[in-house]
Amino acid sequence: MSQFSSGFWDLYIGIITLVSILGCAVLLLVQSVQRAPGAETSGHVWDEDLKEYNNPLPRWWMWMFYLTIAFSLGYLVLYPGLGSFRGTLGWTQLSQFEAEQRKAEQEFGGLYEKYAA
């Protein structure tokens with residue numbers, strides 16, 4: 001159940017989320033372009049001779065970012081995270097809470113009511 005009076009915020013949250021993930025993917029694609037070999041530095045020099053080279057990210061690091069993006073998209077499809085989209089699993093925190101309450105009732109029985117009051 002939405003606590004807002006219009007669907008604008010649901011749409012706003014969904015768009016911001018997807019645009020952010022897409023922006024990360026585009027940034028990674030731009031950074032993964034192989035540069036011509038050479039001594040290209042960023043211009044920063046420390047301790048008189050220590051230079052910062054402008055190298056691309058390591059490949060394993062890039063693949064970890066790609067896996068993170070794929071995981072986030074899969075998570076958003078399965079669970080609620082895009083505004084009013086309920087996710088394909090239909091999970092809600094209220095149903096999770098109620099399931100845990102039922103489990104506690106079965107496990108502890110009368111003790112739960114005795115000390116909860």
Side-chain angles (χ1 to χ4, degrees):
M1 169 166 68
S2 178
Q3 297 175 350
F4 297 111
S5 58
S6 72
F8 167 76
W9 292 109
D10 292 337
L11 185 63
Y12 178 75
I13 290 168
I15 289 173
I16 292 292
T17 303
L18 292 176
V19 166
S20 299
I21 293 171
L22 182 66
C24 289
V26 168
L27 179 65
L28 281 172
L29 286 173
V30 168
Q31 292 298 317
S32 68
V33 174
Q34 293 291 336
R35 295 182 183 94
E40 183 181 342
T41 65
S42 65
H44 298 132
V45 178
W46 293 275
D47 296 334
E48 299 176 12
D49 63 346
L50 184 60
K51 298 177 183 178
E52 179 181 351
Y53 286 93
N54 193 10
N55 294 325
L57 291 171
R59 283 286 177 215
W60 66 270
W61 203 346
M62 302 269 298
W63 283 110
M64 289 299 289
F65 279 127
Y66 286 128
L67 287 173
T68 303
I69 290 171
F71 175 82
S72 67
L73 291 174
Y75 185 90
L76 288 173
V77 166
L78 295 174
Y79 293 98
L82 291 174
S84 61
F85 178 67
R86 295 184 55 98
T88 57
L89 294 180
W91 180 91
T92 64
Q93 58 185 346
L94 181 61
S95 66
Q96 180 75 27
F97 175 72
E98 290 170 349
E100 289 178 12
Q101 288 289 69
R102 283 191 302 273
K103 182 180 175 187
E105 295 259 344
Q106 290 173 353
E107 190 172 331
F108 300 110
L111 292 176
Y112 183 72
E113 286 88 20
K114 181 180 176 183
Y115 293 109

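Every heavy atom of this structure was used, including side-chain atoms; hydrogens, water molecules and symmetry mates were not. What you see is a predicted model, and the numbers here were worked out from it, not measured in a lab. In this chain, residues are counted from 1 in sequence order.
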**Q** Specify the closest pair of heavy atoms between Gln31 and Met62, including all atoms of both residues, with the distance to one decimal.
**A** C-CE, 4.3 Å

**Q** Kindly compute the distance separating CG (Leu78) from CG (Leu73), expressed to the nearest 0.5 Å.
**A**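 With rounding to 0.5 Å, CG (Leu78) is 11.0 Å from CG (Leu73).
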
**Q** Counting only heavy atoms not in Phe85, do more than 12 sit closer than 6.0 Å to its CZ atom?
**A** yes

**Q** My understanding is that only residues two or more places apart in sequence, or in another chain, count here; which of them pass ring pair (Phe, Tyr, Trp, His ring centres under 6.0 Å) with Phe71?
**A**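 With sequence neighbours excluded, Phe71 shows a ring pair (Phe, Tyr, Trp, His ring centres under 6.0 Å) to no residue whatsoever.
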
**Q** Among Ile, Leu, Val, Met, Phe, Trp and Tyr joined by side-chain contacts under 4.5 Å, find the other residues sharing a cluster with Phe97 and list them by chain and number.
**A**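 Direct or chained contacts put Phe97 with none.
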
**Q** Side-chain polar contacts of residues 13-30 - donor-acceptor pairs under 3.5 angstrom, sequence neighbours left out - could you list them?
**A**
unit_1	atom_1	unit_2	atom_2	d
Thr17	OG1	Ile13	O	2.8
Ser20	OG	Ile16	O	2.8

**Q** Connecting only ILVMFWY residues whose side-chain heavy atoms lie within less than 4.5 Å of each other, what is the rest of Val77's hydrophobic cluster?
**A** none

**Q** Who passes ring pair (Phe, Tyr, Trp, His ring centres under 6.0 Å) against Tyr75, sequence neighbours left out?
**A** Tyr79

**Q** Which word best sums up how the rings of Phe65 and Trp61 line up, parallel for under 30°, tilted for 30 to 60°, or perpendicular for over 60°?
**A**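 Phe65 and Trp61: parallel rings.
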
**Q** Considering residues at least two apart in sequence or located in another chain, which fulfil the ring pair (Phe, Tyr, Trp, His ring centres under 6.0 Å) criterion with Trp60?
**A**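 In terms of ring pair (Phe, Tyr, Trp, His ring centres under 6.0 Å), with neighbours along the sequence ignored, Trp60 is linked to no residue.
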
**Q** Applying side chain to side chain donor-acceptor pair (under 3.5 Å), name anything that partners Gln96, two or more places apart in sequence or on another chain.
**A**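 Gln96 satisfies side chain to side chain donor-acceptor pair (under 3.5 Å) with Trp91, Glu100 only.
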
**Q** List the residues meeting side chain to side chain donor-acceptor pair (under 3.5 Å) with Ser95, not counting sequence neighbours, and say none if there are none.
**A**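 Scan of Ser95 (side chain to side chain donor-acceptor pair (under 3.5 Å), adjacent residues dropped) gives Thr92.
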
